[in-house]
Novice: 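Sending over a structure as structure tokens; questions will come in a sec.
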Amino acid sequence: MTHVYNQPSLFIDGEWIEGGDRELSAVVNPTDGSELARMPRATAADLDRALESSQKAYKLWRHVSAYDRAKILRKTAELIRERRDDIAVQMTLEQGKVNAEARMEVDAAADFFEWYAEEGRRAYGRIIPPRVKGARHIVLREPVGPVAAFSPWNFPAVAPARKIAAALAAGCTCIAKPSEETPNTALAIARALADAGLPAGVLNVVFGNAAMISETLIRSPIIKKVTFTGSTGIGRHIAHLAAEGVKKISLELGGHAPVIVFNDANPNAVALSVASKIRNAGQVCVSPTRFIVQEDRYKEFAATLSERIESIKVGNGLDENTQMGPVANDRRLQSMEDLVSDARAKGGKVAAGGKRIGNQGYHFSPTVLTDLPADARILSEEPFGPIATVTPFRHFDEAIAEANRLPFGLASYAFTSSVATATDVADSIESGMIGINSFAISMAETPFGGVKDSGYGSEGGPEGLDAYLTTKFIAQHP
Ligand code: NAD
């Protein structure tokens, strides 16, 4: 069956802009490297128009009641769910992930709109007992203003959805710049919002030169809040730009998640680990990568993990029996090859995979590396791809020291059947999220975010709404 990839556009002030005399750039299908479409790149004039419309719409949207905003966001969730299969095909074509995963991601994106529709109605302030009789000390929560939201290609639906849903629920307007590599998924979300009745300008979507767009938007006095998901390097640059304007900012950056497997871990830890590692071909900021396994279980765990990883069927994400799609672009493929050859050259063992598959598209075999020396790059650099490392440990403190060794602190995991060990792990690990006997750590209602070089601020949960609100104190005297 052939699938049609829609023509990508910009979405500015309620208008879908397909090209005109703008520069175009190619959108590539990672499964075979073919060009899917040419996407228009926003000009400086487009950005000015997006900024103006965002400011104009903010004056209106912030005064739409939370109750009425919720109706539009709930309807958006409904439309996204209705269109799930079509959106998921666009996603697999442009990003490569297995279609069943893409469908689940679209549902998760709808979930964010539904959840924030309700949470926006709970942006409660408070009344503080005054010091003077007859006075009122009132705290109000207000929308921060127009937002610039930068999201990456690995979760083309959920990454923009969790920013846009929370910002709009809070009463902010938003200019989204999703990844140029996966435009149509984000545009399908914008389409659902427009069809649900979102007024023009409340959401604008632009693509083009990422550096030019981020500088223009973040430097504009119209933008009051910046949110970025992506690499630590670019996140630092975005933070500098935002600091110049003293703007509120949330950063969700890279990770290099440790998984501590204790001697008393349930045997299903291996099956869960394989499923979680190959998800989205490992291109997940919370992907489990550094497996640190207690000595009694080390050999058996490394062998079973390798055996199961080796049997994973890699291919086109639209084929029903494919278990893992390609990596999303040639940069990731190159990184995988570099990390494996570095590990090999330093004496590490490739226990499974370790090579490119075929010469079309960007397929890489899921890989397990063992017997690594401490200076192997993979032990310190985030692979952001389908590579797992397995190293042994003896004592609790040794495992925690290894888990906390890196500057990242996004997600960590542990497998143990002891409640005492689970509690000690949760208290000792430096990371924003910890999964105990589970890799399921992202939901609309729970906070998602990191510490250290993995960024600051949370998305999801009430914390995710808070990120788009400011606090106003009113001292009212008789
Ligand atoms: P990259 O650093 O080139 O880009 C990361 C993201 O930032 C992309 O979405 C890109 O479009 C955007 N970007 C790049 N320059 C920008 C700029 N000046 N202003 C605004 N946005 C900009 O990396 P990449 O090759 O696309 O991805 C590889 C690395 O990025 C991975 O190793 C991983 O650490 C990180 N990453 C993290 C996440 C996450 O969920 N935290 C998602 C995607 C990528």
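Note that ligands are numbered from 1 as they come in the structure, with each ligand's atoms numbered from 1 the same way. Fair warning: this is a prediction, and the values are worked out from it, not measured in the lab.
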Novice: Is it true that the NZ or CZ of Lys225 lies under 6.0 Å from the centre of Tyr468's six-membered ring and within 45 degrees of the ring axis?
Specialist: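 Yes, Lys225 lies over the aromatic ring of Tyr468.
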Novice: Using a distance threshold of 4.0 Å (strictly less than), state whether atom 3 (O) of ligand 1 has a protein heavy-atom neighbour.
Specialist: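 Under the 4.0 Å cut-off, atom 3 (O) of ligand 1 has no protein heavy-atom neighbours at all.
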Novice: Please tell me if atom 35 (C) of ligand 1 is touched by the protein, where touching means a protein heavy-atom distance below 4.0 Å.
Specialist: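 So atom 35 (C) of ligand 1 has protein heavy-atom neighbours under 4.0 Å.
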Novice: Side chain, backbone, both or neither: which applies to Gln283 and ligand 1 if a contact is any heavy-atom pair less than 4.0 Å apart?
Specialist: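 Neither part.
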Novice: When you measure from atom 9 (O) of ligand 1 to every protein heavy atom, which one gives the shortest distance, and what is it?
Specialist: Pro152 CA, 3.2 Å
Novice: Please compare Pro156, Ser214, Gly230 and report which has the shortest non-hydrogen distance to atom 19 (N) of ligand 1.
Specialist: Ser214
Novice: Could you establish whether Phe228 and ligand 1 come within less than 4.0 Å of each other, counting only heavy atoms on the residue side?
Specialist: yes
Novice: Counting C-beta onward and ignoring hydrogens, is there a side-chain heavy-atom pair between Gln90 and Asn6 closer than 4.5 Å?
Specialist: yes
Novice: I need the nearest protein heavy-atom contact for atom 39 (C) of ligand 1: residue, atom name and distance, please.
Specialist: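 Checking every protein heavy atom, the shortest distance to atom 39 (C) of ligand 1 gives Cys285 CB, 3.5 Å.
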Novice: Side chain to side chain donor-acceptor pair (under 3.5 Å) with Gln95: which of Asn184, Asn329, Asn280?
Specialist: Asn280
Novice: With heavy atoms under 4.0 Å as the rule, classify the contact between Ala210 and ligand 1 as side chain, backbone, both or neither.
Specialist: both
Novice: Quick test: of every protein heavy atom, which one is nearest to atom 16 (C) of ligand 1, and how far off is it to 0.1 Å?
Specialist: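 Result for atom 16 (C) of ligand 1: Ile234 CG2, 3.4 Å.
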Novice: Which residue and atom name correspond to the protein heavy atom nearest atom 1 (P) of ligand 1, and how close is it?
Specialist: Ser231 OG, 3.8 Å
Novice: If I take atom CE from residue Met443 and atom CZ from residue Phe112, how far apart are they, to the nearest 0.5 angstrom?
Specialist: 9.5 Å
Novice: Examine Arg191 relative to Trp16 and say whether NZ or CZ is less than 6.0 Å from the centre of the six-membered ring and inside a 45° cone about the ring axis.
Specialist: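 Yes, Arg191 lies over the aromatic ring of Trp16.
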Novice: So, Ser151 versus Lys177: side-chain donor-acceptor pair below 3.5 Å or not?
Specialist: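 No, Lys177 and Ser151 have no side-chain donor paired with an acceptor closer than 3.5 Å.
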Novice: Could you state the interatomic distance from CG (Leu36) to CD (Gln7), rounded to the nearest 0.5 Å?
Specialist: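 Output value for this atom pair is 11.0 Å.
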Novice: How far is atom 18 (N) of ligand 1 from the closest protein heavy atom, and which atom is that?
Specialist: Ala211 CA, 3.4 Å
Novice: What is the nearest protein non-hydrogen atom to atom 31 (C) of ligand 1, stated with its residue, atom name and distance?
Specialist: Phe384 CG, 3.5 Å
Novice: Hey, what do you get for NZ (Lys97) to CD (Gln283), rounding to the nearest 0.5 Å?
Specialist: 8.5 Å
Novice: Return yes when Ile238 approaches ligand 1 closer than 4.0 angstrom through a heavy atom, no otherwise.
Specialist: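 In this structure, Ile238 qualifies as a contact of ligand 1 - some heavy atom is under 4.0 Å.
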Novice: Going by an N to O cut-off under 4.0 Å, is there a salt bridge joining Glu402 and Arg405?
Specialist: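 A salt bridge is present here (some side-chain N lies under 4.0 Å from a carboxylate O).
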Novice: Return the closest protein heavy atom for atom 33 (C) of ligand 1 as residue, atom name and distance.
Specialist: Glu382 OE1, 3.3 Å
Novice: Are any of the N/O atoms in Glu181 less than 3.5 Å from those in ligand 1?
Specialist: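 Glu181 vs ligand 1: no N/O contact under 3.5 Å.
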Novice: Students should be able to answer this: which protein heavy-atom is nearest to atom 24 (P) of ligand 1, and at what distance?
Specialist: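 Result: Arg331 NH2, 3.6 Å.
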Novice: Starting from the C-alpha separation in whole Å, work towards a yes-or-no answer on side chain to side chain contact (heavy atoms under 4.5 Å, CB included) for Ile175 and Ile12.
Specialist: CA-CA 9 Å; Ile175 303 180; Ile12 299 177; over 6 Å; no
Novice: May I ask you to check if ligand 1 and Trp153 share an N or O to N or O distance below 3.5 Å?
Specialist: yes
Novice: Evaluate Thr229 for polar contact with ligand 1, using N/O atom pairs at a separation under 3.5 Å.
Specialist: no
Novice: Just wondering, more than 12 heavy atoms not from Asn359 lying within 6.0 Å of its CG?
Specialist: no
